[in-house]
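Heavy-atom basis, side chains included; hydrogens, waters and symmetry copies ignored.
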Amino acid sequence: MFLEYVTGMEYDPSLEIEERDDVYPPSEDSILLIESLDITEGERVLEVGCGSGVVSIHCAKNGGIVTSVDINPSAVELASINFSKNGLEGNVFISDLYENVSGIFDTIVFNLPYLPVDEEGMLEKAWSGGHDGMGPLPALLDGSENHLSEKGRVVVVTSSLMDQDVLGELLSRYSVKTLGELPLFFEKLFVLEIRK
């Protein structure tokens, strides 16, 4: 457990999570997100950019009704396999953010690609957030209004390496609460709960 004060789910290392070279693997930021996120029975959860499905699977294990999407077909296939391996149900399909998503959710969760990258050839990596580290966060928040319940929330992982001025300006339109944080060698990660 990374954070003693977080009231989120407990990370379960006994779950069977298969990995692939072309899919973002369960990492410190995934575990931080899981342990910062409190999902209740019957909560409708959408995970954008589900990767291996480790976050979605924990949400389902805690009673969430889970929809998981990723732009990477290999990730969608892998997350489906991992749901099955653990005897859990999730609706998993390909989508670029909300492109193929319909329905209303209580929680939209995304372990964002947040690392600032300028180098050619690196921008398409799963962890690349572009030159300012913002990645798809602005589009995620803009589109969330069409998919959130009245008291719904967006929960994301952000990094101290992101352009803090740009991030601050974006988040100034919302109510933001820090659910968890993790200091690493070269950065600090935060799990933010964002509401209208």
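- Of all heavy-atom pairs spanning Val92 and Val76, the tightest one is CG1-O, 3.6 Å.
- Residues Arg20 and Glu77 have side chains in contact (heavy-atom distance under 4.5 Å, counting atoms from C-beta outward).
- Without hydrogens or angle criteria, Asn82 side chain to Glu18 main chain gives a donor-acceptor distance under 3.5 Å.
- In this structure, the side chain of Ser27 engages the main chain of Pro25 through a donor-acceptor pair within 3.5 Å.
- Note on Ile71 and Leu78: separate hydrophobic clusters, where clusters join Ile, Leu, Val, Met, Phe, Trp and Tyr whose side-chain heavy atoms are under 4.5 Å apart, directly or indirectly.
- Between the side chains of Asp70 and Tyr24, no donor-acceptor pair is found at a separation under 3.5 Å.
- Distance OG1/Thr158 to CG/Asn111: 10.5 Å, rounded to 0.5 Å.
- Of the possible donor and acceptor atoms, none in the side chain of Asp106 sits under 3.5 Å from a partner among the backbone N and O of Glu43.
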Val54 and Leu15: CA distance, side-chain angles, deciding distance, side chain to side chain contact (heavy atoms under 4.5 Å, CB included) verdict:
CA-CA 9 Å; Val54 67; Leu15 289 172; 5.8 Å; no
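- Between Glu28 atom CD and Leu189 atom CG the span is 7.5 Å, to the nearest 0.5 Å.
- Between Ile108 and Ser144 the shortest heavy-atom distance is CD1-CB, 4.0 Å.
- Remark: Ser36 OG to Ile31 CD1 distance equals 11.5 Å, nearest 0.5 Å.
- Contact annotation: the side chain of Phe93 approaches that of Thr67 to within less than 4.5 Å [non-hydrogen atoms, C-beta and beyond].
- Ile65 and Gly42 make their closest contact through CD1-O, 3.6 Å (heavy atoms, listed as atom of the first residue, atom of the second, distance).
- The two residues Val23 and Gly51 come nearest to each other via the heavy atoms CG1-C, 3.5 Å.
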Check the pair Val157 / Leu112 against side chain to side chain contact (heavy atoms under 4.5 Å, CB included), numbers first and verdict last.
CA-CA 6 Å; Val157 178; Leu112 290 163; 5.7 Å; no
Exercise answer: donor-acceptor pairs, residues 96-105 side-chain atoms, under 3.5 Å, sequence neighbours excluded:
unit_1	atom_1	unit_2	atom_2	d
Tyr98	OH	Leu140	O	2.7
Asn100	ND2	Ile94	O	2.8

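- The main-chain N or O of Ser74 is found under 3.5 Å from a side-chain atom of Asn72 such that the two form a donor-acceptor pair.
- Side-chain atoms of Arg195 come within 3.5 Å of backbone atoms of Lys151 as a donor-acceptor pair (strictly under, hydrogens ignored).
- Note that CZ of Phe190 is 12.5 Å distant from CG of Leu179, once rounded to the nearest 0.5 Å.
- In plain terms, the two heavy atoms of Phe83 and Glu89 that are nearest each other are CE2-O, 3.5 Å.
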Candidate pair Lys177 and Arg153, rule side chain to side chain contact (heavy atoms under 4.5 Å, CB included), full reasoning:
CA-CA 10 Å; Lys177 176 180 172 185; Arg153 62 185 178 159; over 6 Å; no
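- In this structure, Gln164 contributes its side chain and Met162 its backbone to a donor-acceptor pair below 3.5 Å.
- In this structure, His58 NE2 and Glu47 CD are separated by 11.5 Å, a value rounded to the nearest 0.5 Å.
- Across all their heavy atoms, Asn86 and Glu16 have their closest contact at ND2-O, 2.7 Å.
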Could you walk me through whether Leu192 and Leu171 satisfy the side chain to side chain contact (heavy atoms under 4.5 Å, CB included) test, starting with their C-alpha distance in whole Å, then the side-chain angles of each, then the deciding distance to 0.1 Å, before giving a yes or no?
CA-CA 10 Å; Leu192 303 182; Leu171 296 181; 3.7 Å; yes
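- The distance from the CD1 atom of Ile81 to the NZ atom of Lys85 is 7.5 Å, given to the nearest 0.5 Å.
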